[in-house]
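Single-structure report; data block below.
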Amino acid sequence: MIEVKNLTISYGGNSVAVKDVNFQTESGMILSIIGPNGSGKSSLIKGILGLVRPSTGQILFQSKMETPHTIGYMPQTPRFPTNIKVKELISFFKKLEPVEEKRFQTLLSILELDNHMDKKIGSLSGGTKQKISILQCFSSKKDLYVIDEPTASLDPYISHLLKSLLVEKKKEGSLVIFSTHILAELQELADRFLLLSEGSILIDDSPENFLKKNNKTDLDQALMNFWNEEYKTKP
């Protein structure tokens, strides 16, 4: 569904965030993007979302240049207007795009947001704001879902719900891209992962195949061994 060709993203001068990145994906899969802080994850995600322009290279969706209209995006830290009520924000979301009403009502109940409808956004906890982000992102079917650090501020129950939603979307034929620092999530969910460092892809593999090649059962340990070898070979 997505083809990234010779992608470089820079922010002026010598600040190059993504360097000559190439990869392809298919629909109906979960792709995880991982890497240390400053590795280029956020810039790559912004490029896929159309929030930054490539300096060179292309990002093709279904072999076309334009960004698809049906994208569900869930940022790590939701940023909503603080002085409006939850019900006003949700009403605004529903005017922006149609929702599947049955799915919307089910999520609203599971997330227990109906208890917060008259509260102002600024009074809510980070976890409750993230629940609103889940509702907005998953209340209608999208071709592509981009999820950034999805479980960072969620309790275990809602974290489990979100992971179930990602698997559900994959089964429906959507492409799911998510970034995470939690390797257990990657091993549990991802069909494939990209490890970025200094703007370049160091690993493009499935978790299962990477573990098999490294004769490990724990992804954390396998990646630690990889990092040690990578640093040993650096000049």
Side-chain angles (χ1 to χ4, degrees), residues 1-25 29-61 67 71 73-79 130 144-154 162-163 166 175-211 213-214 216 218-235:
M1 179 181 179
I2 293 179
E3 182 179 6
V4 176
K5 301 172 67 174
N6 306 117
L7 181 69
T8 295
I9 296 174
S10 60
Y11 297 105
N14 295 320
S15 177
V16 180
V18 177
K19 303 175 185 176
D20 196 29
V21 162
N22 293 272
F23 67 91
Q24 287 181 293
T25 69
M29 70 174 292
I30 297 177
L31 172 71
S32 180
I33 301 174
I34 63 171
N37 291 336
S39 62
K41 299 192 305 295
S42 294
S43 292
L44 178 56
I45 287 173
K46 287 177 182 177
I48 291 170
L49 291 169
L51 298 177
V52 296
R53 287 180 175 273
S55 303
T56 59
Q58 294 178 318
I59 302 175
L60 303 178
F61 300 87
T67 302
I71 294 180
Y73 175 50
M74 186 175 164
Q76 180 181 358
T77 305
R79 290 180 172 85
Q130 198 70 307
L144 171 64
Y145 294 87
V146 179
I147 317 295
D148 191 4
E149 300 285 346
T151 60
S153 59
L154 298 176
L162 176 58
K163 289 187 284 188
L166 299 185
L175 170 62
V176 177
I177 297 176
F178 79 99
S179 68
T180 184
H181 285 296
I182 304 173
L183 296 182
E185 288 182 349
L186 186 158
Q187 194 166 350
E188 176 186 0
L189 296 172
D191 299 297
R192 178 176 157 205
F193 73 99
L194 306 178
L195 172 64
L196 270 63
S197 178
E198 298 179 353
S200 299
I201 295 177
L202 297 186
I203 299 172
D204 180 353
D205 209 342
S206 69
E208 294 79 8
N209 194 49
F210 183 73
L211 289 170
K213 288 190 296 188
N214 288 274
K216 301 290 182 185
D218 181 77
L219 191 59
D220 194 10
Q221 187 178 24
L223 285 169
M224 184 61 68
N225 289 351
F226 174 85
W227 276 117
N228 289 337
E229 292 300 317
E230 176 71 15
Y231 282 118
K232 281 181 186 178
T233 58
K234 282 190 175 182

Which donor-acceptor pairs under 3.5 Å do the side chains of residues 185-193 make with protein atoms, sequence neighbours left out?
from   : atom 1 : to     : atom 2 : distance (Å)
Glu185 : OE1    : Thr180 : OG1    : 3.0
Glu185 : OE2    : Thr151 : OG1    : 2.3
Gln187 : OE1    : Leu219 : N      : 3.4
Gln187 : NE2    : Thr217 : O      : 3.2
Glu188 : OE1    : Lys163 : NZ     : 3.2
Asp191 : OD1    : Lys170 : NZ     : 2.9
Asp191 : OD2    : Ile30  : N      : 2.8
Asp191 : OD2    : Lys170 : NZ     : 3.3
Arg192 : NE     : Asp204 : OD1    : 2.7
Arg192 : NH1    : Gln24  : O      : 2.4
Arg192 : NH2    : Gln24  : O      : 2.9
Arg192 : NH2    : Asp204 : OD1    : 3.4
Arg192 : NH2    : Asp204 : OD2    : 3.0

Pairwise distance [atom1]([X]) to [atom2]([Y]) - rounded to 0.5 angstrom:
X: Leu166; Y: Met74; atom1: CG; atom2: CE; answer: 8.5 Å
X: Ile147; Y: Ile33; atom1: CD1; atom2: CD1; answer: 11.5 Å
X: Asn209; Y: Ile203; atom1: CG; atom2: CD1; answer: 11.0 Å
X: Ile71; Y: Ile48; atom1: CD1; atom2: CD1; answer: 9.0 Å
X: Asn22; Y: Lys5; atom1: CG; atom2: NZ; answer: 9.0 Å

For residues [X] and [Y], determine if any side-chain heavy atom of one lies less than 4.5 Å from a side-chain heavy atom of the other.
X: Leu194; Y: Val21; answer: no
X: Thr56; Y: Asn6; answer: no
X: Trp227; Y: Leu195; answer: yes
X: Ile34; Y: His181; answer: no
X: Leu162; Y: Gln130; answer: no

Quiz prompt | Taking every non-hydrogen atom, the tightest pair across Phe23 and Leu31 | solution = CE1-CD2, 3.9 Å
Quiz item: Closest approach of Ala222 and Leu211, non-hydrogen atoms and distance?
Solution: CB-CD2, 3.9 Å
Quiz item: Would Ile59 and Ile2 satisfy side chain to side chain contact (heavy atoms under 4.5 Å, CB included), going step by step from the backbone distance to the final call?
Solution: CA-CA 7 Å; Ile59 302 175; Ile2 293 179; 4.2 Å; yes
Exercise. Test side chain to side chain contact (heavy atoms under 4.5 Å, CB included) on Ile201 and Leu196 and set out the steps.
Key: CA-CA 5 Å; Ile201 295 177; Leu196 270 63; 4.0 Å; yes
Practice problem: With sequence neighbours excluded, give me every side chain to side chain donor-acceptor pair (under 3.5 Å) pair touching residues 36-54. | Solution: Tyr11-Ser43
Quiz prompt | No-hydrogen, no-angle side-chain donor-acceptor test under 3.5 Å, Asp148 and Ser179 | solution = yes
Quiz item: Considering residues at least two apart in sequence or located in another chain, which fulfil the side-chain hydrogen bond (donor to acceptor under 3.5 Å, both in side chains) criterion with Lys216?
Solution: none
